[in-house]
Student: 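Pasting in a structure now, in structure tokens, and then I'll have a few things to ask.
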Amino acid sequence: MTALAIQREVPLAPLTTLELGGPAKHFIRAEDEQTLVAALRWAAERELRSTILAGGSNVIVPDRGYDGLVIHMKIGGLDFYEGGAVQVGAGVPWEAVVDGAVSRGWAGLECLTGIPGSTGATPIQNVGAYGQEVAEVIEHVRVLHRDTLSFDTWKPEECGFSYRGSRFKRDPDRFVVCAVCFALRPGGPGTVRYAELENALPPGASLTEIRRAVLELRRRKSMVLDPNDPNRRSAGSFFLNPVVPVAVADRIAEQAAREGLVARPADCPRFAAEPGLVKLAAGWLIEKAGIAKGTRRGAVGVSSNHALCLVHHGGGTTAELLAFAEEIQARVEARFGVILEREPQFLA
Ligand code: EPU
């Protein structure tokens, strides 16, 4: 085998959508599983930490950088099989998968358009938007165990999917997602489940129409990567939408009505969750805690189009971003007694 092309002191900020953070002490691109395994072994032999960086759209890099080996996931391969199976390498840009599915008339991913990042990341945070989640269409995930360097194929039950979560996310640094196989529905109807999307579409809309409507909604919220958008440097939603007992949601709704934040308690946005629980809208809580869209703290702030997106305006630091995130968490907790949990992963 040829020697591994390990580079040193590689800046990571340009490889992330936030454009923040320091360099990787060691860095390698892995375009195939063989390189990935060799790179992990190389790091282990030197007692160096190692981590995987993929599309960089859901990651926060500390200002000091990463003192181990960063493996840039670039494993390719995108194959569509008769019957609706799609086999995708972890490094394939996600939009290529959505594009291939929608253009073939295969249902299951049409609402997941406009999401930056690569395919391997989608099972990790169980990517979801506008009423769809990848967990609904994942057939299996090809997984590398980092301790034994052996491969496995996991059915969805083994992936432990939850709202924006999975076994991969809950137990970081143990597994690498190398490929994902999706089971889509050729000729099937699209998913129009999200009220905002339903309002924007005629009944019986095609997959192409659904995709176009989702892209339009996302664009309005600065959630489609656009080099001309001043809110473009972000990691999507910075916090999870808190899932709370119904009694807590009711208490907040009554408080909001009492304080004049909404006309009636029923005007507080809330979404169905498991029985007895309600998902609140973190963006709404942030705004109502007094952090308006477009608020800035030096080089960082919240998006002028969506309070749940923290943005970097250029020339800032990760420390500034995290300090602002803490300020938001403290204000929401003080006002509503709800703790917001960070969503993007921290490369530490
Ligand atoms: N809202 C506000 N102010 C804001 C933003 C939102 O009041 O600044 C209210 C909206 O009016 C709405 C509610 O909050 O009633 C929900 O807003 P939105 O439809 O924009 O969705 P979200 O809950 O903020 C979630 C996902 C997004 C996904 C959208 C659409 C999470 C953490 N985020 O956002 O996913 O695109 O739904 O399905 O679940 C991501 O995870 O990075 C992400 C972008």
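Atoms within a ligand are numbered from 1 in the order they appear, just like the ligands themselves.
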Student: Measure the distance from atom 26 (C) of ligand 1 to every protein heavy atom, then report the residue, atom name and distance (to 0.1 Å) of the closest one.
Tutor: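 Atom 26 (C) of ligand 1 sits closest to the protein heavy atom R164 NH2, 3.3 Å.
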Student: With heavy atoms of G236 as the reference, note each atom of ligand 1 found under 4.0 Å away.
Tutor: 42 (O)
Student: Who gets closest to atom 29 (C) of ligand 1 by heavy atom: Y194, F271, Y163?
Tutor: Y194
Student: Is the NZ or CZ atom of R142 both under 6.0 Å from the centre of the six-membered ring of F151 and within 45° of that ring's axis?
Tutor: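 Yes, cation above the ring, under 6.0 Å and within 45°.
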Student: May I ask you to check if ligand 1 and P269 share an N or O to N or O distance below 3.5 Å?
Tutor: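 Checking ligand 1 against P269, no N or O pair falls under 3.5 Å apart.
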Student: Taking the six-membered ring of Y163 as reference, does the NZ or CZ atom of K279 fall below 6.0 Å from its centre and within a 45° cone about the axis?
Tutor: yes
Student: Ignoring angles and geometry beyond distance, decide whether Q125 reaches within less than 3.5 Å of ligand 1 through its nitrogen or oxygen atoms.
Tutor: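 Looking only at distances, the answer is no, because the N/O contact criterion of under 3.5 Å is not met.
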Student: Using 30° and 60° as the class limits, which term best fits the ring planes of W42 and H26: parallel, tilted or perpendicular?
Tutor: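 Rings of W42 and H26: perpendicular, as their planes differ by over 60°.
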Student: Relative to the heavy atoms of K221, which atoms of ligand 1 are at a distance of less than 4.0 Å?
Tutor: 18 (P), 19 (O), 20 (O)
Student: Are the charged groups of E157 and R167 less than 4.0 angstrom apart, N to O?
Tutor: no
Student: What atoms of ligand 1 come closer than 4.0 angstrom to any heavy atom of M223?
Tutor: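 Counting atoms of ligand 1 from 1, those under 4.0 Å from M223 are 44 (C).
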Student: So, 4.0 Å and heavy atoms of K279: is ligand 1 close enough to count as a contact?
Tutor: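 Not so, K279 does not reach ligand 1.
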Student: Which option, Y130, F239, W284, F238, owns the non-hydrogen atom nearest atom 32 (C) of ligand 1?
Tutor: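 Result: the heavy atom closest to atom 32 (C) of ligand 1 is in F239.
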Student: Please list the nearest protein heavy atom to atom 23 (O) of ligand 1 with its residue and the distance rounded to 0.1 Å.
Tutor: N241 ND2, 2.7 Å
Student: Take atom 10 (C) of ligand 1 and look for protein heavy atoms under 4.0 Å from it; say yes if you find one, no if not.
Tutor: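 Within 4.0 Å of atom 10 (C) of ligand 1, no protein heavy atoms are found.
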Student: Considering only the protein, which heavy-atom contact is closest to atom 13 (C) of ligand 1, and what is its distance?
Tutor: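 The protein heavy atom lying closest is A281 CB, 3.5 Å.
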Student: Quick check with a 6.0 Å cut-off and a 45 degree axis cone: is R146 positioned over the face of F175's six-membered ring?
Tutor: no
Student: Given the ring of F27, does R8 sit roughly above its face, with NZ or CZ under 6.0 Å from the centre of the six-membered ring and within 45° of the axis?
Tutor: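 R8 over F27 ring: no.
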Student: Kindly indicate whether atom 18 (P) of ligand 1 is approached by any protein heavy atom to under 4.0 angstrom.
Tutor: yes
Student: Does the distance from a Lys or Arg side-chain N to an Asp or Glu carboxylate O, for E333 and R331, drop under 4.0 Å?
Tutor: no
Student: On the ring face of W284, is R270 found with NZ or CZ under 6.0 Å from the centre and within 45° of the axis?
Tutor: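 Here R270 fails the 6.0 Å and 45° test against W284.
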Student: Counting only heavy atoms closer than 4.0 Å, does ligand 1 sit against the backbone of H306, its side chain, both, or neither?
Tutor: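 Contact part for H306 vs ligand 1: both backbone and side chain.
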